[in-house]
Structure formats: structure tokens, C-alpha cells
Amino acid sequence: MNKEMVIIIGGGPCGLAAAIALQKEGIQPLVIEKGNIVNAIYNYPTHQTFFSTSEKLEIGDVAFITENRKPVRNQALTYYREVVRRKDIRVHPFERVLTVKKVSSQTFQVETTKGLYESKYVIIATGYYDNPNLLNIEGEELEKVSHYFKEAHPYFDRDVVVIGGKNSSVDASLELVKAGARVTVIYRGSEYSPSVKSWILPEFDSLVKNGTISMKFNSHVVKITETEVVYEGEKGERATIKNDFVFAMIGYHPDHSFLTKMGVQIEEETGRPHFNVHTMETNVQGIFIAGVIAAGNNANEIFIENGRFHGDMIAKHIASEER
């Protein structure tokens, strides 16, 4: 049985920031990550450009310098690898946490795919990118349907439907068009989302206006088959379009069951865990949350640029408890 003072579940930027904050307090935590560090960023589309400028993605007082104002995916991967190396953060990669159980007043047992650990404190920094929102319609389980977009090349000369009208769908649609796909975007909203990046919306709108992208507002998909997509328009009329692939880019949500099994209470309406806003400690003493998981179902509330500071509050509280 491996014994630790603090275990951090999740090796994303917010989990790594918490590890560095604890190091400053003289505590050496263990980060356990199901993939490798910043696994969610690794799974972003290969062309991904961040909303945030590089300085707002910095952690641990390590400068993130890029020649372009907004960094791209590969630059972020390089930066966070360098942070882990410089700060000598202990990370157990490719190890999935299965359960967290409180076995005494001051001890948690953490079971993973590779062993058992005991820890006095546990920090959950797991994010939400592994849990896509579902359409819950016939055909969603087909192999041609994906909730993630990586790159466009395989879809050259194919009929592709993109579901959704926010950044991920707009980004994917632009890349697909560049690669020679025939793209239809189906969106429940009546107009473009205000959250779409200002520097890409004009290009997207231009492609819609000239007919390169077929844009269906006030519409939703009702059925997917191997060769077609059936959708319902704003007047309730149904239409069928030829289709080879579908990208359902309709967002993601936290794994509530992972938290509730530990005893963490979740607000039913918002999906937000119960926690102290000053310490990030949940209703289960000794379990803390960091990063976007604190926002519940509203993934647009917390990002790297504000979630990276959660670790400072957690570290100060744990350090005060240990004095």
C-alpha cells in the first residue's frame, strides 16, 4: 500500500497547478492521470487555437512565450511538459482511478488500475472532456458518428453533418471545408452563438452566405442511418440529406457519478458539486475539487485561466490544517 499526503486525480493544467502550489507549501503530492499529462489538450483537434493568450495559461510562474498571441495545441503540449520537468512533479501516467473510499477519519483509500494508495487528502481535477453530451436519438451509436473532431483529411470528398453552433462545430466545419468535405451544419439556435471566436466567425459566415456550408438554424437531428441524416426544421418539417459522417459537437459534462460515489453532493439543477468557495473543499472533509469540474454543467464558467488558481486556495488550506 503506497501512502501519500495528497493525491491529485487528473494531470491537466489545473491539477498540475495544484501540485505546484502544494510544493510551495512543502508538500509533495502525487498526480495520477489516466492518460499522460494534459490528456484533454492532447485530444483537442490538431489545429486547435486557444481562446486565451499564453500568459493566461501559465502555471507555476513558468513563462509561456509564443510568437503568436494565442497559442496552438502543440505549443501548449510542449509548455506543460516543460513545466512538469522543471518543477519535478510526480506523475503516475496511464493509470486510471477506479474508486476513492474514506476508510477512517483522516484516510482515503484510492484504488487504481495499477494498485492501492492511502492518502490524507484527495484533489479531484478531472475536467469534463471525457463525457460528451448525447443526442439520445436512433443511430447515434453508429461508427460514423463522433463527438470529437481531430482532423479533417479523412473526410475529403465526403458528405459530413456537423451538429451544433458553437466553437467546436464552427472550428470543425472550417477545417472540413478546407479538406474538401461537403458540410451541412445543423443547429437548434436561431443565430450564431455569441461565444464563437470573433476571429473565425466572419470566415464561417462568408462560407454560409456563398453556399459552401449549408447552415440549418432552428433545426435538430431526429435520426441517423448509415447513408442519411434526418432532421426537423424550424416549422416542424422533416428533411433527409445524404450523409457519410456525423460530428455531434454539442458539448461535454462532468462525471457526476465519480464524485457521488465518494459522497460528494451534487446540486441537481446545476450539476455543481457542494464545496467551500474559499478552500475548494467539498462536503466530504479532505476531498477538494479544482478546475472546470467546480462549474458543474456550465463548462463555460471555468477555464484554465481561472481554474489554475484553485490549487493556491487548496494548498493554503491543507498547509494550515497540517500546522
Side-chain angles (χ1 to χ4, degrees), residues 1-35 37-40 59 84 89-128 130-131 254-266 271-296 302 307-323:
M1 180 82 68
N2 298 296
K3 294 188 177 182
E4 303 288 342
M5 172 68 77
V6 182
I7 286 179
I8 300 172
I9 303 173
C14 297
L16 297 177
I20 295 168
L22 286 160
Q23 287 179 342
K24 290 179 181 178
E25 298 290 347
I27 299 168
Q28 296 298 324
L30 173 65
V31 177
I32 302 178
E33 166 58 52
K34 68 182 179 307
I37 60 165
V38 293
N39 191 62
I59 59 174
V84 171
I89 300 172
R90 289 194 304 141
V91 180
H92 282 193
F94 303 105
E95 184 170 356
R96 182 181 293 274
V97 173
L98 302 175
T99 60
V100 177
K101 297 178 182 177
K102 195 160 193 174
V103 293
S104 74
S105 61
Q106 293 191 323
T107 306
F108 293 95
Q109 184 182 89
V110 179
E111 180 186 4
T112 76
T113 50
K114 295 186 178 180
L116 285 175
Y117 301 82
E118 279 189 359
S119 183
K120 189 172 182 180
Y121 304 98
V122 175
I123 300 171
I124 313 297
T126 50
Y128 61 88
D130 288 337
N131 305 288
D255 183 358
H256 293 143
S257 65
F258 186 61
L259 291 171
T260 55
K261 286 175 184 175
M262 302 176 202
V264 176
Q265 295 173 2
I266 305 291
R272 191 188 302 271
H274 285 254
F275 66 94
N276 184 315
V277 295
H278 303 293
T279 66
M280 304 306 292
E281 188 171 28
T282 69
N283 60 282
V284 180
Q285 187 176 4
I287 293 183
F288 300 79
I289 54 174
V292 70
I293 197 168
I302 296 175
R308 60 185 172 151
F309 299 118
H310 291 166
D312 293 325
M313 294 187 284
I314 296 169
K316 287 174 183 175
H317 181 72
I318 290 176
S320 68
E321 291 280 295
E322 292 300 306
R323 290 191 189 105

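- Ion pair E321/K120 not flagged as a salt bridge, since none of the NZ, NE, NH1 or NH2 atoms sits closer than 4.0 Å to an Asp/Glu carboxylate oxygen.
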side-chain contact (heavy atoms from CB on, under 4.5 Å), that's the test. Do I123 and L22 meet it? Break it down for me. CA-CA 11 Å; I123 300 171; L22 286 160; 3.8 Å; yes
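- In this structure a side-chain-to-backbone donor-acceptor pair under 3.5 Å is present from E281 to G286.
- Between the S119 side chain and the V122 main chain, no donor and acceptor come within less than 3.5 Å of each other.
- Side-chain contact between I289 and V264: absent, with no pair of heavy atoms (C-beta onward) separated by less than 4.5 Å.
- Looking only at atom types and distance, the side chain of Y121 has no donor-acceptor partner in the side chain of H317 under 3.5 Å away.
- Side chains of H92 and Y117 form a contact here, defined as non-hydrogen atoms less than 4.5 Å apart.
- Nearest approach of I266 to P273, heavy atoms of both residues: CD1-CA, 3.8 Å.
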How far apart are the C-alpha atoms of D255 and T126, what are their side-chain angles, what is the distance that settles it, and do they pass the side-chain contact (heavy atoms from CB on, under 4.5 Å) test? CA-CA 9 Å; D255 183 358; T126 50; over 6 Å; no
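- For K261, the NZ atom counts as loosely surrounded, since its 6.0 Å shell holds 12 or fewer non-hydrogen atoms of other residues, nucleotides or ligands.
- In this structure, NZ on K101 lies 15.0 Å from OG1 on T107, to the nearest 0.5 angstrom.
- The shortest distance between side-chain heavy atoms of V84 and V31 does not fall below 4.5 Å.
- In this structure, CG on N131 lies 11.0 Å from CZ on F258, to the nearest 0.5 angstrom.
- In plain terms, the two heavy atoms of V38 and P13 that are nearest each other are CG1-CD, 3.5 Å.
- The side chain to side chain contact (heavy atoms under 4.5 Å, CB included) with T99 is formed by just one residue from the set Q109, M262, E111; it is E111.
- Atom CD of Q285 and atom CG of N276 lie 12.0 Å apart (nearest 0.5 Å).
- Contact of the I7 side chain with the F108 side chain is not registered, since no non-hydrogen atoms from C-beta on lie closer than 4.5 Å.
- Residue K114 holds its NZ atom at 12.5 Å from CG of N2, rounded to the nearest 0.5 Å.
- A donor-acceptor pair under 3.5 Å is formed between the side chain of N283 and the backbone N or O of G263.
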From CA spacing to verdict: side-chain contact (heavy atoms from CB on, under 4.5 Å), E95, T113: CA-CA 6 Å; E95 184 170 356; T113 50; 4.0 Å; yes
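- For the pairing with R90, the side-chain hydrogen bond (donor to acceptor under 3.5 Å, both in side chains) check across Q23, E4, Q28 returns one residue only, E4.
- The backbone N or O of G271 sits less than 3.5 Å from a side-chain atom of H256, completing a donor-acceptor pair.
- When every heavy atom of A21 is checked against every heavy atom of D312, the shortest pair comes out as CB-OD1, 3.5 Å.
- The closest side-chain heavy-atom distance from I37 to P93 is not below 4.5 Å.
- Once rounded to the nearest 0.5 Å, the distance linking CZ of F309 with CD1 of I59 reads 11.0 Å.
- To the nearest 0.5 Å, the span separating CD on E25 from CD1 on I314 amounts to 12.0 Å.
- Listed here is the closest heavy atom pair of G11 and E33: N-OE1, 2.7 Å.
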